[in-house]
There are 2 protein chains.
Amino acid sequence: MADPLDTVFAALADPTRRAILAMLLEDDMAVTDVAEPFEMSLAAISKHLTILSRAGLISQERRGRVKWCKLEPDALRAASVWMQGFGQFEPVNLDAFERFLEVELKEDAESGA
Amino acid sequence: MADPLDTVFAALADPTRRAILAMLLEDDMAVTDVAEPFEMSLAAISKHLTILSRAGLISQERRGRVKWCKLEPDALRAASVWMQGFGQFEPVNLDAFERFLEVELKEDAESGA
DNA sequence: GGCATATTCAACCGAAAGGTTGACGATTGC
DNA sequence: GCAATCGTCAACCTTTCGGTTGAATATGCC
């Protein structure tokens, strides 16, 4: 998987990871706090964070025994440009984004993900 | 994988499938013609097309014994909107897209994908 | 009818994804 | 120093992915 688009899209293909990104949109978080709302082990979340990190979608910085996770939205730019070549989508539509985010988070809650 | 974002991003995570979409950007194509430039079996390409089709990224219409594949760029809209929520990217930048496409196709040719 | 063409199906394979558990290495607080 | 906390590692398991091959199923051509 040399192409960064491979890793970025693969990282985005998992609902847990998208939910994590949405959480980090609010604020930086420690690994344990990221894991808290999910019904899966801390180790599993740690793996998801590694995948997001390798895709460049987040950065992680250790301060003391706490590792902070930070969203890196720039990693999405290449993927965004690639996708936009396939159609003239509305430039930026944050209202629509909010709606999608709501649906995503609701689904996560329902599925207990 | 209920969420359409899951299937769309997963479909985009494979370089062969992205190359197929780029080809279909030019024109509709028959399955055999889609498969021609790739160094893999027709059956494998057929599977990739099924995945793209299930993701809604292409549609397939059988005319006679030939099955035509058509790009469906609308399927990217939801994913595009989701991504754009993470940063205010330049609206639409077709020049940048062309460059990415070139790199993608060059890599495919080199790797023989 | 009979053969070539177009596409999928089915069975199989190795590798990777996504999860678990338990042990381990740091770091902090008392 | 010692116990609790934070996070990862390692081993394992099951399912999915991406590919192969060979047979099967249309359809078109003469």
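In the text below, chain A, chain B and the rest are named by the order of the sequence lines, each starting its count at 1.
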Students should find that the hydrophobic cluster of A:V66, defined by side-chain heavy atoms under 4.5 Å apart, otherwise consists of A:W68
Within residues 59-69 of chain A, the residues having a heavy atom closer than 4.0 Å to DNA chain C are A:G64, A:R65
dist A:C69:SG -> A:H48:NE2 (nearest 0.5 Å) comes out at 13.0 Å
To the nearest angstrom, the CG-C1' distance between A:L12 and C:dA17 comes to 16 Å
Do the side-chain N or O atoms of A:S46 get closer than 4.0 angstrom to the phosphate oxygens (OP1, OP2) of D:dG7?
-> no
d(A:D14 CG, B:L5 CG) to nearest 0.5 Å is 12.0 Å
- A:L21 vs A:L25 side-chain heavy atoms within contact, under 4.5 Å: no
Rounded to whole Å, the CE-P distance (B:M29 to C:dA6) equals 13 Å
Pull out every protein N or O sitting under 3.5 Å from an N or O of nucleotides 18-20 of chain D, one pair per line with the distance.
from	atom 1	to	atom 2	distance (Å)
D:dG18	OP1	B:R17	NH2	3.2
D:dG18	OP2	B:R17	NH1	3.1
D:dG19	OP2	B:H48	NE2	2.1
D:dG19	N7	B:K47	NZ	3.2
D:dG19	O6	B:K47	NZ	2.4
D:dT20	OP2	B:S41	N	2.9
D:dT20	OP2	B:S41	OG	2.8
D:dT20	O4	B:K47	NZ	3.4

Identify all side-chain donor-acceptor contacts of residues 28-38 of chain B below 3.5 Å with residues at least two apart in sequence or on another chain.
none

B:D6 CG to C:dA17 C1', in whole Å, measures 14 Å
Hits for side chain to side chain contact (heavy atoms under 4.5 Å, CB included) against B:A44, two or more places apart or cross-chain, chain-then-number order -> B:M40, B:S41
Rounded to whole Å, CG of A:L49 lies from C1' of D:dT8 at a distance of 12 Å
CE (A:M83) and CZ (A:F9) are apart, to the nearest 0.5 Å, by 5.5 Å
Quiz: residues 49-59 of chain A side-chain donor-acceptor pairs under 3.5 angstrom, not counting sequence neighbours:
from	atom 1	to	atom 2	distance (Å)
A:T50	OG1	A:S46	O	3.0
A:S59	OG	A:E72	OE2	2.8

